[in-house]
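Order of listing sets the numbers, starting from 1, for every ligand and every atom in it.
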Amino acid sequence: MKSNIAEMMIAPSLLASNQSCFGQEVERAERSGADWLHLDIMDGHFVPNLSFGPQVVKAIRPLTNLFFDAHLMCSQPELLLEPFAKAGADEIIVHVELGEQVQCLIHKIKSLGKKVGLAINPPTAIAAVQPFIEQIDLLLVMTVNPGFGGQEFISECLPKIQQAQAWRREKALSYRISVDGGINDQTAAECAHVGADTFVAGTSLFGAPSLKTVVQKMRQIVNENQH
Ligand SMILES: O=C(CO)[C@@H](O)[C@H](O)COP(=O)(O)O
Ligand SMILES: [Fe+2]
């Protein structure tokens with residue numbers, strides 16, 4: 001597992017893979033040279049869509065050593081933390097929009113021995129995450145409204161990345177800054193330029209004829225544009 005903060009991480013999102021053969025797609029992601037596998041978990045309530053659950057994560061866990069980055073878009077993540085931890089997630093991301101539950105969720109994820117991620121939706125002000133930045137391993141800046149792959153990048157989210165980077169530097173913190181939604185070579189470059197170091201991409205990676213080629217290209221582009 002790679003976790004050096006200076007290193008840029010490429011995280012294909014399994015949501016955009018060929019879901020009729022998840023196992024083969026996971027192995028393809030591993031062979032592509034990607035660093036992480038991003039797992040979008042949707043409950044049909046927090047977001048108007050459903051994806052997959054802990055059984056799928058458990059089934060694919062033995063197929064790869066990729067770091068499993070589980071993004072819970074769920075109204076009651078407290079019910080799912082243990083199942084996803086047991087299924088093999090390495091990091092569990094919950095949404096700051098859950099309000100007063102957030103502190104408790106962070107403690108629970110830590111107590112399960114997993115890395116903690118905190119996600120923020122486009123309409124939510126970046127100030128909402130500030131009380132938690134000393135406790136998290138990763139901040140996931142959503143650059144689309146969550147629920148679906150294949151949406152267009154919302155460039156108004158870029159100042160949030162800038163602010164997260166400024167806090168990280170000022171306080172000498174080491175949380176990763178991840179971006180998720182509409183990430184392609186162009187938007188990844190824009191995000192890298194202002195401080196992002198982790199790039200979740202579904203459509204632009206799994207949708208390409210050669211996953212390996214596009215992962216390598218995105219890695220080169222974000223390295224060239226590193227903040
Ligand atoms: O969390 C989400 C969507 O809710 C994402 O992780 C998407 O899966 C990214 O897909 P693309 O925008 O890259 O197609
Ligand atoms: Fe996601």
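When each of V129, I177, L139 is tested with W167 by the rule side-chain contact (heavy atoms from CB on, under 4.5 Å), just one qualifies, namely V129.
Taking every heavy atom of both residues into account, A188 and F199 meet most closely at O-CE2, 3.5 Å. L105 and P77 make their closest contact through CD1-CG, 3.8 Å (heavy atoms, listed as atom of the first residue, atom of the second, distance). Heavy-atom minimum distance, V96 versus V102: O-CG2, 3.7 Å.
Here T203 has heavy atoms under 4.0 Å from ligand 1 in both its backbone and its side chain. Counting heavy atoms closer than 4.0 Å to ligand 1, residue P146 contributes atoms from both its backbone and its side chain.
Salt bridge annotation for D185-K217: present, with a cationic side-chain nitrogen under 4.0 angstrom from a carboxylate oxygen. At a threshold of 4.0 Å, the pair D69-R176 does not count as salt-bridged, since none of the basic side-chain nitrogens sits closer than that to a carboxylate oxygen.
Of the polar atoms of M73, none of the N or O atoms is found under 3.5 Å from an N or O of ligand 1, judged by distance alone. Residue V144 has no N or O atom closer than 3.5 Å to an N or O atom of ligand 1. For ligand 1, the polar-atom distance check finds no N/O of G181 at less than 3.5 Å from any of the ligand's N/O atoms.
Within D40, OD1 is the N, O or S atom that lies nearest to the Fe ion (ligand 2).
Closest heavy-atom approach to atom 7 (C) of ligand 1 among the candidates V200, D40, L14, V179: D40.
A chain of hydrophobic side-chain contacts below 4.5 Å, direct or via other Ile, Leu, Val, Met, Phe, Trp or Tyr residues, connects L112 to F68.
Residue G149 has at least one heavy-atom neighbour below 4.0 Å for each of these atoms of ligand 1: 10 (O), 14 (O). With ligand atoms numbered from 1 in the order given, ligand 1 contributes 1 (O) to contacts under 4.0 Å with heavy atoms of H71. The S13 neighbourhood of ligand 1 comprises atoms 6 (O), 8 (O), with distances under 4.0 Å to a heavy atom of that residue. The contact set between ligand 1 and H38, taken as ligand atoms under 4.0 Å from a residue heavy atom, comprises 6 (O).
Here the Fe ion (ligand 2) is the vertex; the OD2 atom in D180 and the ND1 atom in H71 give an angle of 100° (to 10°).
Contact between G147 and ligand 1 is present, with at least one heavy atom of the residue lying under 4.0 Å from the ligand.
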